[in-house]
Amino acid sequence: MNKNYFLLFIFICQSFVFSAQSGKQKKADRLYENFAYTKAIDVYRELLEKEYNKDYNQRKLADSYLQLRDPERAVALYAEVVQQPEISPEYYYKYAQVLRGVREYEESRNWLQKYQQEGKNLNLVKNHLNEDEINIFPGLETFRVLPVQFNSGFSDFGAYENKGVIYFTSARAKGAKNPKIYDWNGEPFLDVYTSSKSDTVQSLSGDVNSIRHEGPLVISEDGKTMYFTRNNYINNKNGKKDKDNVNHLKIYKASLVDGNWTNIHELPFNNNNYSVGHPALSKDGKMLYFASEAPGGFGGSDLYKVNIENDIFGTPENLGPHINTAGNEVFPFASEDAKLYFSSDGHKGFGMLDIFVIDLESQKNLYNLGEPVNSNLDDFSFSVSSEETSEGFIASNRPGGQGGDDIYKMKMLAPLMLKGTVTDSINGKPIAKATIRLMDENSNQIAFLETDSLGFYQKEIRRDFMYPIEAKHIKYDQKSGTVNSFNMDEQTELIYDIELSPINDVEYLAEINKIYFDFDRHNIRADAAAELDKLVNLMKHEYPGLVIEIGSHTDFRGSIEYNRKLADRRALSTYNYLISKGISPKRIVTYKGYGELEPDVDCDTCSEKQHQLNRRSIFNVVRME
């Protein structure tokens with residue numbers, strides 16, 4: 001073949017390949033623009049394998065995974081994207097999002113700071129850059145979450161129980177032969193299903209389900225009215241789309257007639273140009289909460305409320321900046337105790353969407369529900385049964401599920417009642433006014449208690465913790481230990497009794513004053529006898545196994561030898577008094593005089609008062625059984 005013909009042949013082949021890749025690029029972008037992310041991913045990956053338009057296609061592939069809430073696949077791509085020359089700071093924020101989704105919290109903060117340095121939407125990152133710890137719900141309840149039996153291999157979420165029936169949203173397309181597929185994630189369109197206690201699943205009866213998306217929903221207290229989310233579709237027709245050809249979400253109302261949900265009506269505050277969805281009702285049915293992307297809000301999606309009076313809806317009102325952020329707030333739920341639960345990616349949390357709670361009346365003290373309710377991925381659609389407020393549901397795309405999103409049954413365990421009795425380790429008697437300090441894992445005091453006259457104490461504590469505990473009393477040695485509240489799901493109380501050992505100080509235990517003697521005398525004075533009677537009572541009634549020794553002393557007047565003998569006589573007098581009161585000689589192992597060798601007050605020129613302080617008998621514990 002002529003060389004020129006050969007070069008022409010190579011050029012034609014390269015042009016053909018370039019044209020083919022260019023066509024695929026247009027196809028991938030068209031799919032992305034039409035929200036067909038699962039299909040777009042396949043084409044973007046193919047283009048990247050061919051090293052075609054690499055930087056651009058890396059961005060689009062990463063963005064596609066982010067839209068599908070898949071940070072595991074997106075994070076490595078964004079790590080390369082943020083290194084591209086002149087990359088938009090918006091990708092710093094996206095990278096920080098997916099880093100949170102894989103628990104790389106410190107690295108996420110670094111990229112949020114870079115985003116902040118570029119002066120971009122500071123409100124979007126201020127909560128996540130807050131140096132404070134995540135504000136975890138301080139209630140002592142403990143949450144348990146387990147997947148339900150009626151999950152499928154498709155997305156399942158929005159579980160809500162009313163009068164023993166569980167309503168939920170699913171893409172399982174149960175019973176459909178050729179279900180309509182949602183290009184966004186490649187799954188069938190969402191419908192509402194019901195499940196009984198036996199986990200039998202049925203499609204919701206009536207006219208709620210259509211060829212478009214339905215769910216989530218809420219039902220009135222009397223069980224006769226349902227508010228549900230659906231694409232703009234009514235009377236078997238698609239509603240008007242916005243300028244970007246998007247069919248937005250709306251809230252519809254249905255009535256229960258002869259066991260079927262029918263009489264579908266659109267709520268008056270819906271709009272063709274932005275989404276309104278995720279309805280939630282107050283217990284009295286007079287306030288409807290919902291999520292919307294309405295203009296004038298604080299971020300992507302905000303929470304709103306609207307009054308319902310005689311089936312007439314008022315003007316929707318934004319719930320304000322304490323609840324709403326520059327991020328997204330979605331899936332509200334109003335509980336019977338006037339608390340609002342919702343999901344947000346704008347408040348500081350563990351990952352992407354986390355579930356938060358706030359008191360509706362005060363709108364203060366917004367809390368993250370913490371783990372295990374929240375994870376590093378999306379956690380949403382919190383609900384509590386109206387019949388059994390200690391049970392409810394959440395949904396999450398955390399690892400270990402069957403589909404993209406799965407429903408988890410949530411059980412709220414009441415706090416444990418920690419209770420116990422503080423007793424004397426020798427005689428087993430209760431110790432009144434002993435102090436109990438309970439600490440957290442960082443040794444910060446969380447409770448300070450005092451035992452009653454029976455030595456009893458109690459305090460509600462959280463499950464699944466190791467609590468350092470410390471017990472003290474002025475007459476006893478301090479004792480420390482650990483309260484273990486793990487593996488107590490079937491228990492309502494935790495008994496933790498404490499024994500304290502008496503201090504080795506007889507005078508302190510018996511609360512006796514000093515046993516003093518007159519100058520150059522060894523007889524037991526009346527005041528000394530009263531104090532010795534306290535010691536007799538201690539040895540007879542409190543500690544019948546107490547064994548002591550007696551030591552007696554003098555002042556400095558007189559010779560050393562004379563004082564030693566005087567001290568011996570004082571020790572003997574003390575010993576004889578105790579024996580006369582019924583104390584066994586075996587319980588006094590020694591009684592010895594020390595003369596002036598161990599003064600209480602060491603003085604060169606002693607006053608009479610100082611001399612008196614040195615003329616004494618003292619007691620030491622030999623053993624206590």
Side-chain angles (χ1 to χ4, degrees), residues 66 69 71 92-113 115-116 120-139 141 143 145 157 277-278 280 289-294 297-305 317-335 338-383 394-398 410:
L66 180 59
R69 314 299 287 178
Y92 298 164
Y93 179 74
K94 291 179 180 180
Y95 187 33
Q97 274 188 298
V98 296
L99 282 167
R100 280 203 314 276
V102 296
R103 295 186 182 273
E104 294 287 345
Y105 299 120
E106 194 57 40
E107 187 68 5
S108 175
R109 285 179 58 85
N110 292 338
W111 286 97
L112 287 175
Q113 288 169 345
Y115 177 80
Q116 185 185 47
K120 299 294 182 179
N121 198 349
L122 302 185
N123 287 331
L124 195 60
V125 299
K126 68 176 183 179
N127 287 331
H128 295 292
L129 285 176
N130 189 325
E131 292 290 345
D132 295 337
E133 296 292 325
I134 297 173
N135 197 20
I136 301 296
F137 178 61
E141 298 88 348
F143 296 94
V145 291
F157 62 94
H278 304 176
Y289 300 89
F290 61 92
S292 178
E293 299 163 349
F298 295 91
S301 177
D302 281 2
L303 298 184
Y304 292 79
K305 65 180 180 180
E317 178 184 345
N318 190 294
L319 291 187
H322 195 58
I323 291 176
N324 292 313
T325 69
N328 296 290
E329 281 67 49
V330 287
F331 291 96
F333 175 80
S335 66
K339 288 184 173 60
L340 184 71
Y341 296 83
F342 63 96
S343 289
S344 171
D345 62 11
H347 293 286
K348 192 168 187 178
F350 292 92
M352 302 184 76
L353 282 175
D354 269 13
I355 299 172
F356 296 82
V357 61
I358 191 170
D359 187 284
L360 278 169
E361 294 180 359
S362 67
Q363 287 209 17
K364 294 180 180 179
N365 300 325
L366 185 146
Y367 297 109
N368 185 300
L369 286 191
E371 296 177 307
V373 172
N374 289 319
S375 69
N376 56 307
L377 296 180
D378 288 323
D379 306 287
F380 57 101
S381 73
F382 177 102
S383 72
I394 62 167
S396 178
N397 62 346
R398 65 186 64 186
M410 176 184 60

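Count residues from 1 along the sequence.
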Q | Nearest non-hydrogen partners of Pro332 and Ala280, listed with the distance | A | O-CB, 3.3 Å

Q | Results of ring pair (Phe, Tyr, Trp, His ring centres under 6.0 Å) for Phe380 - residues two or more places apart only | A | Phe157, Phe331

Q: Could you give me the CA-CA distance, side-chain angles and deciding distance for Ile323 and Gln363, then say whether side-chain contact (heavy atoms from CB on, under 4.5 Å) is met?
A: CA-CA 8 Å; Ile323 291 176; Gln363 287 209 17; 3.8 Å; yes

Q.
Under a 3.5 Å threshold, yes or no: a donor from one side chain and an acceptor from the other, between Glu329 and Ser344?
A. yes

Q. Can you check whether Asn324 reaches Tyr304 side chain to side chain, under 4.5 Å on heavy atoms?
A. no

Q: Find out whether Ile358 and Phe356 are in side-chain contact, i.e. whether some heavy atom of one side chain is under 4.5 Å from a heavy atom of the other.
A: no

Q: Run the numbers on Phe350 and Tyr105 for side-chain contact (heavy atoms from CB on, under 4.5 Å), then give the verdict.
A: CA-CA 8 Å; Phe350 292 92; Tyr105 299 120; 3.8 Å; yes

Q) Under 4.5 Å between any side-chain heavy atoms of Tyr341 and Ser335, yes or no? A) yes

Q) Atom CH2 in Trp111, atom CD in Gln97: separation rounded to 0.5 Å? A) 14.5 Å

Q.
I'd like to check Tyr289 versus His278 (side-chain heavy atoms, cut-off strictly below 4.5 Å). Are they in contact?
A. no

Q) Passes side-chain contact (heavy atoms from CB on, under 4.5 Å), His347 versus Asn368? Steps please. A) CA-CA 8 Å; His347 293 286; Asn368 185 300; over 6 Å; no

Q: Could you check Tyr92 against Gln113 for side-chain contact (heavy atoms from CB on, under 4.5 Å), going step by step and ending with a plain yes or no?
A: CA-CA 9 Å; Tyr92 298 164; Gln113 288 169 345; over 6 Å; no

**Q.** Taking every non-hydrogen atom, the tightest pair across Phe290 and Gly277
**A.** CB-O, 3.3 Å

Q: Please report the shortest heavy-atom distance between Gly349 and Ile134, naming the atom on each side.
A: O-CD1, 3.4 Å

Q | Min side-chain heavy-atom separation Arg100-Asn376 under 4.5 Å | A | no

Q) Looking only at heavy atoms, what is the nearest atom pair of Pro71 and Leu377, with distance? A) CG-CD2, 3.2 Å

**Q.** Side-chain donor/acceptor of Lys348 to backbone N/O of Asn130, under 3.5 Å
**A.** yes

Q. At their closest point, which heavy atom of Asp345 faces which heavy atom of Asn328, and how far apart are they?
A. OD1-N, 2.7 Å

Q.
What I'd like to find out is whether the side chain of Asp302 reaches to under 4.5 Å of the side chain of Thr325, using heavy atoms alone.
A. no

Q: List for me each residue that meets ring pair (Phe, Tyr, Trp, His ring centres under 6.0 Å) alongside Tyr115, sequence neighbours excluded, and say none if there are none.
A: Tyr93

Q. Can you tell if the side chain of Leu366 reaches within under 4.5 Å of the side chain of Asn135, non-hydrogen atoms only?
A. no

Q. Counting only N and O atoms by type, is there a donor-acceptor contact under 3.5 Å from the side chain of Asp378 to the main-chain atoms of Met352?
A. no

Q: Measure the acute angle between the ring planes of Phe143 and Phe137, then classify it against the limits of 30° and 60° as parallel, tilted or perpendicular.
A: tilted

**Q.** Candidate list Asp379, Asn374, Ile394, test side-chain contact (heavy atoms from CB on, under 4.5 Å), partner Val145, passing option
**A.** Ile394

Q | Close side-chain approach of Val357 and Phe342, heavy atoms under 4.5 Å | A | no

Q | Within residues 352-373 or reaching into it, pairs that qualify as salt bridge (charged side-chain N to carboxylate O under 4.0 Å, His left out) - sequence neighbours excluded | A | Arg103-Glu371

Q: Identify the heavy atoms of Ala96 and Ser108 that sit nearest to each other, and give their distance.
A: O-OG, 2.8 Å

